[in-house]
Amino acid sequence: MDVFLPRGTRDLLPEQMKNRLRVIEIVRGVFARFGFEPLETPAFERIETLTGKYGDEGDKLIYRILKRGEGSDQGESDLALRYDLTVPLARVMAMHPEIRLPFRRYQIQPVWRADRPQKGRFREFWQCDVDLVGSTSPLADAECVAVVDSCLKTLGFSKYTIRVNDRRILADMARIAGATNPKEETSVLIALDKLDKIGRDKVHAELLGRGFVEANLQAFWDVAELSGDNDAILHALNTVLSESGRQGVEVLRQLLQGAIALGVAPAAIQIDLTLARGLDYYTGPVFETVVDEPKIGSISGGGRYDELIGMFSPTPLPAVGVSLGLERLITVMEELGMLPSAGTATEVLVAQWGADTLPETLDAARRFREAGIRTELFTEPAKLAKQFKHANARGYRWLALVGADEKAAGTISLKDLLRGEQSSLSIADAIAAVQKAGTLDA
RNA sequence: GUGGGUGUAGCUCAAUUGGUUAGAGCGCCGGACUGUGACUCCGGAGGCUGAGGGUUCAAGUCCCUUCAUCCACCCCA
């Protein structure tokens, strides 16, 4: 039988899992250090929970689960795999009004999108998500930026940019370009988002093609091409935007100030007026993180969504959150050589010499394990050369052995495969020797 | 959803314009070495050339379909 993996999925072999767990543990630790608490939700939700939250493009990418029984042959579906971790959280908040606010939660779980895979993009991938529910303060947004920054620093990243913008500023820019309804607004933002990819001329042409007029576009470019440092951009925006847009400006100002005071390097956070963010539910600040190399899109994204929870509940709740893409983090770290290439599964292989010394051999394995040393017992009565080869191939540092000589002397032989030195020791001394050499990686 | 590249041994790759029996390195297994790996030497196994169909005297090579994969677009983590 030929076996295949579904497109866009992968098996994570031990070699990959070890680095993956390492990254997850670091991120989880940072989340906890910022006071976020763990939450998990089911892999699938009722379909109406998910639809209508991500925009037209997003809805198409939701994985639907076929209905069982009647209706299955019509292709009806009433359940779907979760598309992100934000909407499930919003559902949880609506169902649990008893949760004390403000509430900080982190969630590290897989999500599914029926997308076409490419570099750094899968149909099943993990998000590391933090959200802060019940606060309208720009400090909450600043905390989200700061926690991402802290994760990246702790993981060892040095060159990255956190880009920030605000939905109200974007809406104003679309208005200036001549958009008079949400649909036109969206088309302006989609075109604007491509600016750094295809350049001003092509974006301009695209907007003209969509019916926007030269005079409005001139004013639009005056805003979109504002340059200078963050303060200069904010200052300039205040002179051209409406009341609503100026709210966004003020919030961004406080967000930047807060994030920097919380430890984000001023150079690492930049206002980017072309940052649009596709998800429908964002209402205020939006942010994403990019690295120059390798080219992989954003490694984190998020924003404020003050209306989303209200879609599930009569009492609306403001919220802001951000996600790190686990696979993208790992891809970047691999390509930048930030992860060890090989890890060691266990420290000691206990080899089998023969039936005569089997009890002593098993006892030695037990003693190593009780001492907290990762120990594999070789379960096959193979030739010693084969067992040594196995230990070597697996990257164990130590091989322990109880043969007839050792049994007679009441010792075990412990060989340091790294140095090639072997000695006959009491089990206690052998344990001490392994422990003294230090613990290798998970 | 749209467009393009690539699929040959466990892995990395060869194989004239279509032409005999599809090769190499690494790995694996066995031996030199019946209590010792990582070095050396000798020997061996391993392939429906991703799958299915077609063209041809002849297909790893050309055509179609399909699956997987990579890249770009859309969108996104």
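When reading the values below, keep in mind they use all heavy atoms of this one structure, side chains included, and skip hydrogens, waters and symmetry mates. Chain letters run A, B, ... following the sequence lines, proteins first, then strands; residues in each count from 1.
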**Asked** B/A77 base stacked by A/Phe125? Criteria: ring centres under 5.5 Å, plane angle under 30°.
**Response** yes
**Prompt:** If we take the P atom in both B/G50 and B/U8, what is their distance in whole Å?
**Reply:** 6 Å
**Whole-Å C1' distance, B/G7 and B/G47** = 15 Å
**Prompt:** How is A/Gly58 classified with respect to the nucleic acid when contacts are heavy atoms under 4.0 Å: base, sugar-phosphate, or nothing?
**Reply:** nothing
**Item:** Separation of the P atoms in B/C11 and B/C74, to the nearest angstrom
**Value:** 35 Å
**Message:** Any carboxylate oxygen within less than 4.0 angstrom of a Lys/Arg side-chain nitrogen, looking at A/Asp78 and A/Arg64?
**Reply:** no
**Residues A/Ser424 and A/Glu406: side-chain donor-acceptor under 3.5 angstrom** = no
**Asked** B/C75 phosphate, OP1 or OP2: any side-chain N/O from A/Lys194 under 4.0 angstrom?
**Response** no
**Request:** Find the runs of at least 3 consecutive base pairs, i with j, i+1 with j-1 and so on, that include RNA chain B, using Watson-Crick or G-U wobble geometry with both distances under 3.5 Å.
**Result:** B:1-7 with B:67-73, B:10-13 with B:23-26, B:28-32 with B:40-44, B:50-54 with B:62-66
**Request:** Using the P atoms only, state how far B/U61 lies from B/U21, rounded to an integer number of Å.
**Result:** 16 Å
**Message:** What's A/Gln387 touching, base or sugar-phosphate or nothing? Going by heavy atoms closer than 4.0 Å.
**Reply:** nothing
**Request:** Using atom NE2 of A/His390 as one end and atom C1' of B/C29 as the other, report the distance to the nearest whole Å.
**Result:** 16 Å
**Prompt:** Which is true for A/Asp405 with a 4.0 Å heavy-atom rule: it touches a base, it touches only sugar-phosphate, or it touches nothing?
**Reply:** base
**Prompt:** Ion pair present between A/Arg104 and A/Asp131, side-chain N to carboxylate O less than 4.0 angstrom?
**Reply:** no
**Message:** Is it the case that the side chains of A/Arg113 and A/Tyr63 hold a donor-acceptor pair, with the cut-off being a distance below 3.5 Å and no angle test?
**Reply:** no
**Item:** Letter per nucleotide, 5' to 3', of nucleotides 3-12 of chain B [B base touched, S only sugar-phosphate touched, - untouched; heavy atoms, 4.0 Å]
**Value:** B---------
**Message:** I want to verify a distance call: between B/U36, B/A72, B/A68, whose nearest atom is closest to the A/Arg7 side chain?
**Reply:** B/A68
**Asked** Can any side-chain N or O of A/Ser150 pair as donor or acceptor with the backbone N or O of A/Ala146 at less than 3.5 Å?
**Response** no
**Request:** Salt-bridge test for A/Glu48 and A/Arg46: reply yes if a basic N is under 4.0 Å from a carboxylate O, no otherwise.
**Result:** yes
**Request:** Assign A/Gly8 to base, sugar-phosphate, or nothing according to its heavy-atom contacts below 4.0 angstrom with the strands shown.
**Result:** sugar-phosphate
**Message:** Please tell me whether A/Thr289 and A/Ser298 have a donor and an acceptor in their side chains that are separated by less than 3.5 angstrom.
**Reply:** no
**Asked** What interatomic distance, in whole Å, is found between C1' of B/A9 and the corresponding atom of B/U17?
**Response** 28 Å
**Prompt:** Does the pair A/Asp149/A/Lys153 count as a salt bridge with the N-to-O cut at 4.0 Å?
**Reply:** yes
**Request:** Return the 5'-most residue of the pair A/Gly301, A/Ala404 with respect to RNA chain B, ranking by each residue's nearest nucleotide.
**Result:** A/Ala404
**Message:** Does this structure show an ion pair linking A/Arg175 with A/Glu185, if we count only N-O contacts that are shorter than 4.0 Å?
**Reply:** no
**Residue-phosphate contact under 4.0 Å: A/Gln118 side-chain N/O, B/C71 OP1/OP2** = no
**Asked** Just checking, any donor-acceptor pair under 3.5 angstrom between side chains of A/Tyr54 and A/Asp84?
**Response** yes
**Between B/G27 and B/G37 - P atom distance, rounded Å** = 15 Å
**Asked** Where each residue is assigned the nucleotide of RNA chain B containing its nearest heavy atom, which of A/Pro6 and A/Tyr83 is assigned the position nearer the 5′ end?
**Response** A/Pro6
